[in-house]
Amino acid sequence: MADNCQSIGWQITVITGMMYGFAIRPAGQPIPGTIRGAMLMIDTLITRLPKCELHIHIEGSLEPELMFALARRNGISLPYASVEAVRQAYQFSNLQDFLDIYYQGMSVLITEQDFYDLAWSYLERARADNLVHVEMFFDPQGHTARGVEFSTVINGLHRAIVDARQALGVRASLIMCFLRHLDEADAEKTLDAALAFKDRIVGVGLDSSEAGHPPSKFKRVFNRARNAGFFLSAHAGEEGPPSYIWEALDVLGVARIDHGIRAMEDQVLVGRLAREKTALTVCPLSNLRLRVVDDMAKHPLRRMLDKGLMVTVNSDDPAYFGGYVNQNYRAVSDALGLDRDEIVAIVRNGIQASLMTPSEKNEAFAEINRVLATIP
Ligand code: HPA
Ligand code: ZN
């Protein structure tokens, strides 16, 4: 009986610790040296370390509750009876299945305030996950094609970013993605529109349906974006083959690869990515939910670290894939048994690969050291 009580008490302690992100030691039960203690230490580490997110589609953070609220506000009818029905519909066999629902979801975003509310909600979550810096993708063509002005999108997102810096202490910037299932001329028009807001957009990326749309399709527009001073990244090697990663690097000249997990099929490419320290923005829960991997225990992230790749962990479309950044860290570290050094290495990679200034990076590295000193 006493044993039972102690065990239940211990479980409550673990759960409380996991919810609030700190380690509580029940009297007489040392944490170090036990499996539960180690798990709790990893969880505390994930929660408390200052982190960056480099791969989040802001439209993919639209939670069903906000989707319904915005639909009501804008007089739009949704093809779902309830929030629960929306969540039920999130069963995907591949990237395209998801994208069909993702584009439908964003139809509730109409006014500047809608974009503000979307970004603000995400940035509050970012604060809760102890993110210090976020590079946020957005898909202007998903909005301008529906008659929403580019300026409406950018003004709403930007205002949320300014407010979040002030009120939440989270730094965020915007990376505009071209939809690769559309043609390059459409991307060119989008770049033209973005030039008027150059001070509010740090970079350009490439997303949407990967198969059949190689990076080389966007060679000219990426060249223009580079000349205009934008940072460049591209989704490659999520569903597409390693050759798409080669093209993103050599034809588009990107500095970062989004996803990139299929690089592991090409050891020459792996060698190059490791040598050049090219960051890969890996999104474990996305990979699982889109069936790029069929079991988290088989996720290549651990093997990628072992090959010396600069892996970062991110959420991609958290409202659709079941978790924000910390949940991605937890899912992959539970499934692969990542240790303290591996978690810290991934967090450091995210900081190093970000567009923060050198002094902002140094401050984040110093904060990591302070946190590590408090976790035995
Ligand atoms: N892959 C490609 N395009 C996307 C994604 C993704 O995971 N999310 C939103 N657009
Ligand atoms: Zn993505």
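The basis for the numbers below is simple: all heavy atoms, side chains too, and nothing from hydrogens, waters or symmetry mates. Whatever order the structure lists them in is the order used to number ligands and atoms, beginning at 1. As the structure is a computational prediction, the values presented were derived from the model and not from experiment. Quick note: residue numbers are just sequence positions, from 1.
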Indicate the ring-plane relationship of [X] and [Y], choosing parallel, tilted or perpendicular according to the 30° and 60° boundaries.
X: Phe218; Y: Phe178; answer: parallel
X: Tyr102; Y: Tyr320; answer: perpendicular
X: Phe137; Y: His57; answer: tilted

- [ ] Using a strict cut-off of less than 4.0 Å between a Lys/Arg side-chain nitrogen and an Asp/Glu carboxylate oxygen, indicate whether Asp339 and Arg302 qualify as a salt bridge.
- [x] no
Indicate, as side chain, backbone, both or neither, the part of [X] found under 4.0 angstrom from ligand 1 when only non-hydrogen atoms are considered.
X: His259; value: side chain
X: Phe98; value: side chain
X: Glu59; value: neither

Tell me, which protein residue and heavy-atom name are nearest [atom], and how many Å apart are they?
atom: atom 8 (N) of ligand 1; answer: Asp317 OD2, 2.7 Å
atom: atom 7 (O) of ligand 1; answer: Asp316 OD2, 2.7 Å
atom: atom 1 (N) of ligand 1; answer: Glu238 OE1, 2.8 Å

- [ ] Taking atom types as modelled, find out whether Gln267 and Lys307 have a side-chain donor-acceptor pair closer than 3.5 angstrom.
- [x] yes
Close aromatic pair by centroid cut-off 6.0 Å: [X] and [Y]:
X: Phe115; Y: His143; value: yes
X: Phe222; Y: Phe230; value: no
X: Phe321; Y: Phe98; value: yes

- [ ] Mark up the atoms of ligand 1 that fall under 4.0 Å of a heavy atom belonging to His235, in ascending order.
- [x] 1 (N), 2 (C)
- [ ] Please confirm whether Ser208 comes under 4.0 Å of ligand 1, counting heavy atoms of the residue only.
- [x] yes
Open item on the list: When you measure from the heavy atoms of Asp258 to every atom of ligand 1, does any distance fall below 4.0 Å?
Closed with: no
Task: Exam field: side chain Glu239 to backbone Val292, donor-acceptor pair closer than 3.5 Å - done: no
Task: Nearest-option assignment for atom 6 (C) of ligand 1, heavy atoms, candidates Leu95, Val292, Ile58, Asp207 - done: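 Comparing heavy atoms across Leu95, Val292, Ile58, Asp207, the nearest one to atom 6 (C) of ligand 1 lies in Leu95.
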Task: Residues which pass side chain to side chain contact (heavy atoms under 4.5 Å, CB included) with Asn369, listed by chain and number, not counting sequence neighbours - done: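 Partners of Asn369 under the side chain to side chain contact (heavy atoms under 4.5 Å, CB included) test: Arg348, Leu372.
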- [ ] Provide the tally of protein N/O/S atoms nearer than 2.8 Å to the Zn ion (ligand 2).
- [x] 4
Task: Atom pair NZ (Lys51) and CD1 (Ile343), whose distance is rounded to the nearest 0.5 Å - done: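 It is 10.0 Å, given to the nearest 0.5 Å.
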